[in-house]
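All remarks here apply to the structure that follows.
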Amino acid sequence: MKDFFLNVTRYPRYLVAFGLGLANSVLEPLAARGRNPVTAVALIGAGVSGMLSLALILHAMVNTSPVA
């Protein structure tokens, strides 16, 4: 039983380590490219449009009534 709880406590640590590694691998190249102002504006626009698209998709999935 002790081994079971030891294994269960490893999963949150694994999730945190995986999330930090994924964020580091994604954000490090973007931060290096963000020094150019044109690229920074394009990255911000892509991020905003991605979040807007995700919000609209989730809204359409949750609400069954048509938007317009």
Side-chain angles (χ1 to χ4, degrees):
M1 196 69 174
K2 181 182 176 184
D3 292 334
F4 173 73
F5 287 113
L6 184 63
N7 283 333
V8 168
T9 59
R10 289 181 185 164
Y11 288 112
R13 288 186 289 171
Y14 172 74
L15 181 65
V16 168
F18 178 75
L20 289 175
L22 183 67
N24 185 32
S25 66
V26 170
L27 295 178
E28 186 175 336
L30 292 178
R33 293 172 196 242
R35 292 186 183 121
N36 185 359
V38 175
T39 307
V41 169
L43 287 174
I44 291 171
V48 168
S49 66
M51 294 300 281
L52 183 62
S53 297
L54 182 65
L56 289 174
I57 289 170
L58 290 176
H59 179 74
M61 289 175 68
V62 172
N63 295 332
T64 56
S65 63
V67 175

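Other cluster members for Leu54: Ile57, Leu58, Met61, joined by side-chain heavy-atom distances under 4.5 Å among Ile, Leu, Val, Met, Phe, Trp and Tyr. Under a 4.5 Å side-chain heavy-atom criterion applied to ILVMFWY residues, the cluster that includes Val16 comprises Leu20 as well.
Between Pro29 and Ser25, the shortest heavy-atom contact is CD-O, 3.2 Å.
The shortest distance between side-chain heavy atoms of Leu6 and Lys2 does not fall below 4.5 Å.
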